[in-house]
Amino acid sequence: MTRIIKDGIDRRILLAGLGAGALGTLSAPSVLRAQTRELVVGGAASHKPWVDAHVAPLFERKYNAKLTFEGTRSLVNLEKMQKNKDRPYLSVVQMDDPVMILAVREQLLEPITAAKAPNVAKLKPGTIHMDGQWANYLQPWQGIAYNTNVLKEPPASWNDAYDPKFKGRIIIPSLQNTEGLPNLFMASHLATGKPMAEAARDTESGFKKLVSLKPNLLTVYNQMPQAFSLLEQGEAHMIVGALSSFALQRRLDGAPIGLAAPKEGIFPVPSGIAVVKGGPNQDLAFAYVNELLGAEIQAKIAPPTFALPTNVDVPPPPGMPTGVAIHTIDWGFVADNRNDWVRRWDREMSM
């Protein structure tokens with residue numbers, strides 16, 4: 001059954017404030033209260049407002065610490081870790097999972113353990129990676145965004161985009177974008193009928209299926225805002241592989257957009273958190289990680305970020321999909337093959 005997201009989620013949910021009990025299983029030792037220390041976190045620029053407004057005040061009050069959040073892109077944070085490997089100044093990073101793979105390969109991360117961050121034991125399967133090198137604290141998700149003025153019924157299947165009636169009306173993300181990957185894997189699943197875990201490794205079938213989509217494409221995007229502008233104007237009817245964090249915010253802002261969770265399932269968007277190896281104040285670093293993995297904070301930040309929580313004690317926020325398959329991605333496999341996939345994409349999917 002298709003799950004449809006039609007009701008926006010009020011940002012004011014977040015403004016109710018964060019409870020101080022998110023670290024209930026991790027007491028604040030007296031050494032943390034002895035003096036004010038600084039914890040520097042590198043994360044996505046889009047996350048800075050909710051971290052600064054809602055996580056930082058709670059964390060600073062609880063641990064008598066100053067939290068500085070440097071908002072940028074994941075690859076920029078990786079570069080900061082690489083350049084400062086001998087004397088790191090970042091203590092925690094919040095990055096895309098594909099970039100976490102690169103950090104692991106360069107031995108830049110300190111594993112997260114239940115002893116240092118007890119809430120890691122409460123996470124859903126598939127959200128702890130490479131023996132605890134990093135974990136996911138939220139799961140924004142990908143489905144099919146559609147113009148509700150044009151399509152009165154939501155897309156029921158990922159295969160709907162291939163219907164000839166949508167000639168010149170479909171937008172997909174480039175494979176150069178992280179959110180472009182699910183289309184490749186889903187195309188293989190649609191073409192072969194294999195279970196998703198098996199289909200995701202049959203990228204040959206996926207590419208052949210994607211090429212058949214070209215007559216229906218209006219454009220392939222690298223920049224998400226332009227794609228949604230075309231959708232809102234009705235020039236595009238669907239964005240296949242749309243992010244919940246963007247699509248549902250646009251709906252909340254009044255755009256004629258719905259987001260469908262098709263019957264084949266959805267893909268979680270990687271939102272990883274990790275401790276920088278050798279970074280300053282590692283006790284504070286693990287406390288911060290534990291905070292974001294805790295049920296109380298996830299319950300507060302999941303609704304306004306239009307994401308699924310990863311802590312098993314937190315139910316999906318109102319309006320989020322339930323009862324639908326969630327297909328995780330093998331990011332190690334992606335890291336090994338993505339350059340070749342992008343070259344093939346540029347060759348076969350150019351418009």
Notebook entry, point to check: With sequence neighbours excluded, what pairs up with K80 under the salt bridge (charged side-chain N to carboxylate O under 4.0 Å, His left out) test?
Noted result: E70

Note to self: Taking salt bridge (Lys or Arg N to Asp or Glu O under 4.0 Å) as the cut-off, I'd like each qualifying pair that reaches into residues 180-198, sequence neighbours left out, listed once.
What the structure shows: K194-D202

Check: What is the minimum heavy-atom distance between G143 and W158, and which atoms define it?
Finding: O-CH2, 4.0 Å

Check: Who are the salt bridge (charged side-chain N to carboxylate O under 4.0 Å, His left out) partners of R73, not counting sequence neighbours?
Finding: none

Note to self: With salt bridge (Lys or Arg N to Asp or Glu O under 4.0 Å) as the criterion, how do D336 and R105 come out once you've worked through the C-alpha distance, each side chain's angles and the decisive distance to 0.1 Å?
What the structure shows: CA-CA 12 Å; D336 289 339; R105 291 179 175 177; 2.6 Å; yes

Check: F246 and W141: ring pair (Phe, Tyr, Trp, His ring centres under 6.0 Å), yes or no, with the steps?
Finding: CA-CA 10 Å; F246 199 96; W141 55 278; over 10 Å; no

Next item on the list: Ignoring hydrogens and angles, state whether a donor on the side chain of N311 or N119 is under 3.5 Å from an acceptor on the partner side chain.
Entry: no

Notebook entry, point to check: Between the side chains of Q249 and D253, does any donor sit under 3.5 Å from an acceptor?
Noted result: yes

Checklist line | Contact summary for N149 and P256, nearest pair of heavy atoms | finding: ND2-CB, 3.4 Å

Next item on the list: Evaluate the ring planes of Y288 and F59, with Trp represented by its six-membered ring, and classify them as parallel (under 30°), tilted (30 to 60°) or perpendicular (over 60°).
Entry: perpendicular

Notebook entry, point to check: Which pair of heavy atoms, one from A200 and one from F333, lies closest together, and at what distance?
Noted result: O-CE2, 3.5 Å

Next item on the list: Test N159 against every option in H189, K209, K263, E264 by the side chain to side chain donor-acceptor pair (under 3.5 Å) rule and name the one that passes.
Entry: K209

Note to self: If the condition is salt bridge (charged side-chain N to carboxylate O under 4.0 Å, His left out), which residues does D340 pass it with, not counting sequence neighbours?
What the structure shows: R343

Next item on the list: Quick one: pull up CG in L151 and NE2 in H237 and give me the separation to the nearest 0.5 Å.
Entry: 6.5 Å

Checklist line | NZ (K214) with more than 12 external heavy atoms under 6.0 Å | finding: yes

Check: What pairs meet the salt bridge (Lys or Arg N to Asp or Glu O under 4.0 Å) rule with one or both residues in residues 164-188, with sequence neighbours excluded?
Finding: none

Next item on the list: Can you measure from CG (L102) to CG (D97) and round to the nearest 0.5 angstrom?
Entry: 11.5 Å

Checklist line | Modelled atom types, side-chain donor and acceptor of Q94 and S271, under 3.5 Å | finding: no

Next item on the list: Heavy atoms only: give me the nearest L78-M95 pair and the separation to one decimal.
Entry: N-SD, 4.0 Å

Next item on the list: Check whether the side chains of S229 and Q233 place a donor and an acceptor atom closer than 3.5 Å, and report yes or no.
Entry: yes

Next item on the list: Check salt bridge (charged side-chain N to carboxylate O under 4.0 Å, His left out) between K66 and all other residues, then give those that pass, not counting sequence neighbours.
Entry: none

Check: Any ion pair linking D330 and R338 (charged N to carboxylate O, less than 4.0 Å)?
Finding: no

Next item on the list: For K300 and E296, run salt bridge (Lys or Arg N to Asp or Glu O under 4.0 Å): C-alpha distance rounded to whole Å, both residues' side-chain angles, the deciding distance at 0.1 Å, then the answer.
Entry: CA-CA 7 Å; K300 300 296 185 182; E296 187 168 350; 5.9 Å; no

Next item on the list: Start with the C-alpha distance between Q139 and K124, add both sets of side-chain angles, then the distance that settles side-chain hydrogen bond (donor to acceptor under 3.5 Å, both in side chains), and finish with yes or no.
Entry: CA-CA 11 Å; Q139 289 182 321; K124 297 187 298 188; 3.1 Å; yes

